[in-house]
Amino acid sequence: MAGRASRGAAVTVAAQGLRVVVQAASVVVLARLLAPTDYGLIAEVLVIIGLGEIFRDFGLTNAAVQAKTLSTAERSNLFWLNSLIGVVLTGVAVAVAPAVAAFYGDPRLSALTAVLAVTFLLNGLGTQLRADLNRTLEFGRLSFAEIGGQVVGLAVGVAMALLGSGYWSLAGQQVGQAIVSLVLLAALGRFRPQRYRRDVPMRRFVGFGLDVVGAQLLGYAGKNTDTVVIGTLIGAGPLGVYNRAFQLLALPLTQINAPSTRVALPVLSSLQDDPVRYRRYLLAGQSVMMHLVLGVFSWSTALAAPLLLLLGPRWADSVPLFQILAVSGVFTTAGYSTYWVFMSKGLTRSLLLWQLSTRPIVIGAVVLGVLGGVTGVATAYSAVSVGMWLLGLIWIARVSDAPARRMFTNGLVATLGYAFPAAAAWVAAWGTGNAGLGSLLAGTAAWLGALALVLVAWPAFRRDALVVLQVVRTFKRSREERGSGAVLEVVA
């Protein structure tokens, strides 16, 4: 397990480098070709599509990954369940497309919703193909399928944008990515579904999935209230500006948090009955994720003005929004290890209760934030993220044996440690005009110097940073020696 986890994590980290390039190219190139309103329109529809995606998955991906045993018949039944849900959701989305347009008051959204509905069918067919590669730690094949879809989707989107397709370019990107990913998953995966077996009980998977769906719906509502509020009360144009800032925020989050969860969940699930190794792996994984994401946010937030202005004048309005939203990114990352605990230990009912207790707070804060316009929404969203992180740690300390106190310390040390380099970089960039390549270079030099100072002066920060270095070395040795390295032991 340790060797496979090492190789899987190594492959995942390497693949993320390619994903970052593709995602960054998508954000930068399409932002130069499309108007803010185009992004606003697609963001309004993707809120609905994302809601349906929760039902499409139905928690069965995590159910398959978390299960201690999974027979071929059970996997096949899960495949047909997800596929059927995808078909039903496609039909429902097409039927309610006019209602979506009426809700936002924009007739263009009817056809856009109907076209994007096909992704439910495509993703439904690929759900268990993806889950099987994840469960068996075949991260190389899984990454290739997903990156291939992203590359082709980007090519489709750029081609359509150059032809003047406007917001349809973003829809084409989504559909193209889903089609290619499905084809590659089917070609690269070893799992071939058999016929549905009625004599194979599925209650444990459906029960697990119901709790996950409930929790995810509540979490989704909290995370997307800002988009709905801005789109309905302020308009598609301001939503497009906000959405581009959020895309920049999501770039490191999706490229580090989601893949780290992909590696962590199957391994942590297998260690449920070994509390010492479970704790060791959990804390090491949290440290790695925190340092990677906070390092990116610390640098990019401080230098947002010169960095984004280099990407084009259309990005100027997104600078302050990105800097505010980066706070939510930091504490969302800090709280991701809490989600690992819920899922790996099978605490889905507790996760549901947690979401029921806290999501109304998030939604209420964002709705009140709209009184301050787009900036008010961003501020409210970031402020409430801090509270959710702290409450989440208190919650898991009560329902599990997870090391919540040490998880809090890890998060606090990383957050404070990267705050100093961010401040130094901002001062250096401001002193050189806060615009252009010169400010970016000066800020980067100040950031690196301040980070080196923190590493020397703060033993706790240095200790956690060394964990990251140890894990990276283990990944490299694992690739060279084909599994002789063991992450779970090195990070002890």
Side-chain angles (χ1 to χ4, degrees), residues 47 50-51 53-55 57-59 62 66 207-230 246 249-250 253-254 257-258 260-261 264-265 268 282 286 289-290 293 324-372 376-412 414-415:
V47 169
L51 181 65
E53 279 291 298
I54 294 175
F55 288 102
D57 183 85
F58 205 74
N62 286 324
Q66 194 270 344
F208 185 101
L210 280 172
D211 289 337
V212 172
V213 167
Q216 289 180 340
L217 284 174
L218 292 165
Y220 188 80
K223 291 178 181 178
N224 290 275
T225 300
D226 51 352
T227 298
V228 175
V229 167
I230 294 172
F246 210 97
L249 172 75
L253 288 179
T254 57
N257 286 357
S260 64
T261 296
L265 281 185
L268 287 173
L282 175 66
Q286 184 199 21
M289 186 171 62
M290 289 291 294
V293 176
I324 296 170
L325 288 169
V327 176
S328 72
V330 168
F331 289 96
T332 297
T333 300
Y336 234 71
S337 54
T338 304
Y339 176 75
W340 295 352
V341 174
F342 279 122
M343 298 305 298
S344 63
K345 289 185 173 291
L347 299 172
T348 53
R349 180 58 52 87
S350 185
L351 175 61
L352 175 59
L353 293 175
W354 153 251
Q355 297 284 27
L356 282 169
S357 302
T358 59
R359 289 308 104 179
I361 301 173
V362 177
I363 294 171
V366 171
V367 171
L368 288 175
V370 78
L371 297 175
V377 172
T379 302
Y381 191 82
S382 290
V384 79
S385 297
V386 180
M388 292 304 101
W389 171 56
L390 295 172
L391 290 174
L393 291 174
I394 294 172
W395 191 285
I396 64 165
R398 294 173 61 89
V399 302
S400 75
D401 58 352
R405 185 184 299 272
R406 179 66 185 279
M407 292 165 69
F408 169 77
T409 302
N410 278 1
L412 187 62
T415 301

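Along the sequence shown, residues carry numbers from 1.
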Shortest non-hydrogen contact from Ala365 to Ala380? O-CB, 3.3 Å

Can you confirm whether Lys345 sits close enough to Asp401 that some side-chain heavy atom of one is under 4.5 Å from a side-chain heavy atom of the other? yes

Measure the spacing between CD1 of Ile394 and CZ of Arg405 and express it to the nearest 0.5 Å. 11.0 Å

Distance-minimising heavy-atom pair for Met289 and Ser337: CE-N, 4.2 Å

For the pair Trp389 and Phe331, name the ring-plane relationship: parallel under 30°, tilted 30 to 60°, perpendicular over 60°. tilted

Look up atom CG in Leu352 and atom CG in Leu347, then write down how far apart they are to the nearest 0.5 Å. 12.5 Å

If the condition is salt bridge (Lys or Arg N to Asp or Glu O under 4.0 Å), which residues does Arg359 pass it with, not counting sequence neighbours? none

CD1-CG distance between Ile363 and Leu368, expressed to the nearest 0.5 angstrom: 12.0 Å

Applying the side chain to side chain contact (heavy atoms under 4.5 Å, CB included) criterion to Thr338, which one of Ile396, Leu391, Leu351 satisfies it? Ile396

N/O donor-acceptor pair under 3.5 Å between Thr415 side chain and Leu412 backbone: no

According to side-chain hydrogen bond (donor to acceptor under 3.5 Å, both in side chains), who are the partners of Ser350, at least two apart in sequence or on a separate chain? Trp395

Exercise: identify the closest heavy-atom pair between Gly411 and Gln286: N-NE2, 4.2 Å

I need the minimum non-hydrogen distance between Leu325 and Ser328, along with the two atoms involved. O-OG, 2.6 Å

Show the nearest heavy-atom pair for residues Ala414 and Met290, with the distance to one decimal. CB-CE, 3.9 Å

At their closest point, which heavy atom of Thr332 faces which heavy atom of Ser385, and how far apart are they? OG1-OG, 4.5 Å

Decide yes or no on side chain to side chain contact (heavy atoms under 4.5 Å, CB included) for Phe342 and Gln355, but give the supporting numbers first. CA-CA 12 Å; Phe342 279 122; Gln355 297 284 27; over 6 Å; no

Could you walk me through whether Val362 and Met388 satisfy the side chain to side chain contact (heavy atoms under 4.5 Å, CB included) test, starting with their C-alpha distance in whole Å, then the side-chain angles of each, then the deciding distance to 0.1 Å, before giving a yes or no? CA-CA 8 Å; Val362 177; Met388 292 304 101; 3.8 Å; yes

